[in-house]
Amino acid sequence: MLDIKFIRDNQEAVKKAITDKNIDLDLDHLLDVDQRRRSLLTELESLQATKNQVSKEIPKLSPEDKKVKLLEMKEVDAKSDELKTQLKEVLKEYEDLMAITPNIPSPETPIGKNDEGNVPWSYWSPQLGQVDPKDTDKIAQIPTKFDFEPKDHITLGKELDLIDTEAGVKTSGFRGYYLKNEAVLLHYALIWHAIKKMQEKSFNLFTTPVLVRDFALFGSGHFPFGKDEIYQIGNPGKLSDNDTRENQYLAGTSEPSLLAYHADKILDEKDLPIKMCGISPCFRSEVGSYGKDTKGIYRIHEFMKVEQVVICKADILESDKWLESMREIAQEMLMDLKLPHRVLNICTGDMGAGKYKMYDIETWMPARKNYGETHSDSNLTDWQARRLNIRYRDHEGKTKYAYTLNNTVIASPRILIAILENYQQKDGSIVIPEVLRPLVGKDVIKKQ
RNA sequence: GGAAGCGUCGCAUAGUGGUCUAGUGCACACGCUUGGAAAGCGUGCAACCUGUCAAAGGGUUCGAGGGUUCGAAUCCCUCCGCUUCCGCCA
């Protein structure tokens with residue numbers, strides 16, 4: 001959500017954001033609705049003021065004057081009923097339009113229509129370290145080299161009895177899966193490694209509700225844009241269509257729950273930044289991507305994620321700093337695992353309405369012969385905080401909307417694809433990344 | 001599933017039809033005081049609409065909506081949310 005006053009004062013910038021982010025919104029229409037909203041409010045409030053005034057005088061009036069006044073009031077009531085009806089409609093439209101008005105992207109954000117407009121920002125491999133995105137020779141050397149034909153994670157998973165998608169589909173439906181044996185150990189080792197890291201970096205740890213209310217998903221910006229992506233639970237025990245009790249939803253990430261933890265609060269500037277780390281199962285319907293990634297465990301309906309969220313004061317420079325330090329944490333995870341990866345500066349068309357600046361981190365997945373998205377780092381400035389009413393009192397005693405940011409720490413089992421495929425050996429075994437060996441309890445996964 | 005209660009300006013609380021222009025305490029900000037601090041004293045401290053360079057000023061808002069009434073924080077109805085107790089249960 002943007003401040004309506006900001007929208008009025010910065011129409012060109014907002015229009016540009018709408019165009020660059022491919023949002024279906026006519027800003028002039030919103031401004032027109034806002035104008036009507038305000039004039040109706042003004043008119044209604046002045047009628048109310050008249051009524052209040054008259055009500056005060058009534059007890060002092062003579063019976064005749066009273067009668068006259070009461071007749072006048074009948075007209076005022078009729079008029080104000082009419083205005084209320086109009087206002088209700090206008091307000092509904094206003095709120096719907098405000099909800100989809102995008103945040104202004106950062107000056108460093110590339111302008112582009114879709115993911116093809118994303119710009120590589122840096123590369124990393126265990127051999128080369130940090131690689132400049134312009135150094136094409138070095139970039140070509142980043143992918144893991146094999147002196148044999150590498151297998152994909154599906155084959156590896158089957159041969160080593162680690163992943164069973166056939167049984168998963170039988171039980172759960174399309175995109176179902178079971179993890180087995182060492183894959184289970186790897187899965188939880190990754191999560192444990194991530195949690196411990198976040199605690200060392202003085203993030204507060206949370207297990208979060210996955211079953212959440214509408215407001216949390218609206219607040220994070222997952223509604224109304226990504227509503228299809230979210231599983232709706234409805235009201236268990238709902239008796240009829242007239243039962244208007246709130247629906248509940250299965251969140252696709254712990255971000256909404258972490259943010260909603262501070263909804264409707266006025267924090268103290270001294271308590272900022274608030275660093276939160278959430279661990280939760282995540283559910284995604286993937287309705288928009290039926291044909292994509294239909295094999296294996298790349299695109300699945302349920303997975304586990306360790307997520308980082310920062311709530312900081314309303315300062316672009318400070319929030320930029322947090323975006324970078326959250327990116328570094330995510331990269332540190334991949335460096336711990338010695339996985340080649342790259343950071344993309346996400347363009348306007350691929351970044352989502354609420355975002356100010358966004359990086360994706362993609363990890364090398366040999367069988368795809370490409371990088372696959374494993375992390376997503378975003379600065380939303382005050383766009384989410386306005387929706388969730390997360391404010392703080394600054395050193396002058398003024399209340400301001402806070403800035404919010406989020407990034408993945410680790411999402412599993414997708415990251416297992418990179419581990420299994422990059423760490424596979426000629427003999428069909430898989431070496432376990434060094435940092436995870438103490439947790440998994442062995443060095444290599446071999447065929448029985 | 002059954003029963004009862006609650007929702008007031010960041011927090012806590014007062015207010016049960018006109019005196020509410022919503023009081024008080026805490027927290028917070030500024031000032032006075034002080035060697036410095038605490039305490040004390042004073043002032044300020046909600047959102048929105050209007051107005052303005054900014055302000056002053058005016059107006060609306062007591063979970064949401066509707067009703068009764070000349071007049072509602074207060075009475076009635078519906079909804080939303082919360083709490084407690086009983087039952088069932090991992």
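Chain letters run A, B, ... following the sequence lines, proteins first and then strands; every chain starts at 1.
Separating the C1' atom of B:A64 from that of B:C6 is a span of 16 Å, rounded to the nearest Å. Separating the C1' atom of B:C45 from that of B:G10 is a span of 10 Å, rounded to the nearest Å. Separation of the P atoms belonging to B:A14 and B:A56 is 33 Å when rounded to the nearest angstrom. Comparing the C1' positions of B:G15 and B:C62 gives a spacing of 11 Å, expressed to the nearest Å. Taking the C1' atoms as reference points, B:A37 lies 15 Å from B:C32, given to the whole Å. For B:C28 and B:C11, the C1' atoms lie 11 Å apart once the distance is rounded to whole Å. Using atom C1' as the reference point in both B:A22 and B:A12, the two lie 16 Å apart (nearest Å). Here, B:U74 and B:G7 have their C1' atoms 14 Å apart, quoted to the whole Å.
Between A:Trp121 and A:Tyr359, the two ring planes are tilted [angle within 30° to 60°].
With sequence neighbours left out, the side chain to side chain donor-acceptor pair (under 3.5 Å) criterion links A:Asp9 to no other residue. A:Thr101 meets the side chain to side chain donor-acceptor pair (under 3.5 Å) test with no other residue; sequence neighbours excluded. A:His187 pairs by the side chain to side chain donor-acceptor pair (under 3.5 Å) definition with A:Ser412, not counting sequence neighbours. Listed by chain and residue number, nothing satisfies the side chain to side chain donor-acceptor pair (under 3.5 Å) test with A:Thr408 (two or more places apart in sequence, or in another chain). Judged as a ring pair (Phe, Tyr, Trp, His ring centres under 6.0 Å), and not counting sequence neighbours, the contacts of A:Phe223 are A:Tyr249.
Atom CG in A:Asp394 sits roughly 10 Å away from atom P in B:C30 (whole-Å rounding). A:Leu267 places its CG atom 14 Å from the C1' atom of B:A27, with the value rounded to the nearest Å. Atom CG in A:Asp214 sits roughly 14 Å away from atom P in B:C80 (whole-Å rounding). As a whole-Å value, the separation of A:Asp268 CG from B:C26 P is 18 Å. When rounded to the nearest whole Å, the span between CG of A:Asp264 and P of B:C82 equals 13 Å. Atom pair A:Ile390:CD1 and B:G10:C1' shows a separation of 15 Å (rounding to whole Å applied).
Shown here, B:G71 forms no base pair; nothing in the strands shown gives a Watson-Crick or G-U wobble contact with both key distances under 3.5 Å. Using N1 to N3 plus N6-O4 or O6-N4 for Watson-Crick, or N1-O2 and O6-N3 for G-U wobble, each under 3.5 Å, B:C89 pairs with nothing. Base pairing of B:G81 is made with B:C6, judged by Watson-Crick or G-U wobble geometry with both donor-acceptor distances under 3.5 Å. B:G31: Watson-Crick or G-U partner is B:C41, with both key distances under 3.5 Å. As the counterpart of B:G23, B:U13 is assigned, both hydrogen-bonding distances of the Watson-Crick or G-U wobble pattern falling under 3.5 Å. In this entry B:A55 has no Watson-Crick or G-U wobble partner, no candidate having both defining distances under 3.5 Å.
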Could you pull out the protein-nucleic contacts involving nucleotides 45-50 of chain B (nitrogen or oxygen on both sides, under 3.5 Å)?
{"unit_1": "B:A47", "atom_1": "OP1", "unit_2": "A:Thr399", "atom_2": "OG1", "d": "3.4"}
{"unit_1": "B:C49", "atom_1": "O2'", "unit_2": "A:Thr42", "atom_2": "OG1", "d": "2.9"}
{"unit_1": "B:U50", "atom_1": "OP1", "unit_2": "A:Arg38", "atom_2": "NH1", "d": "2.8"}

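Looking at which nucleotide of RNA chain B each of A:Ile266 and A:Lys270 is closest to, the 5′-most match is held by A:Ile266.
Between A:Arg327 and A:Asp377 there is no salt bridge, since none of the side-chain N atoms of the basic residue sits less than 4.0 Å from a carboxylate O of the acidic one.
Under the 6.0 Å distance and 45° angle rule, A:Arg387 counts as a cation-pi partner of A:Trp383.
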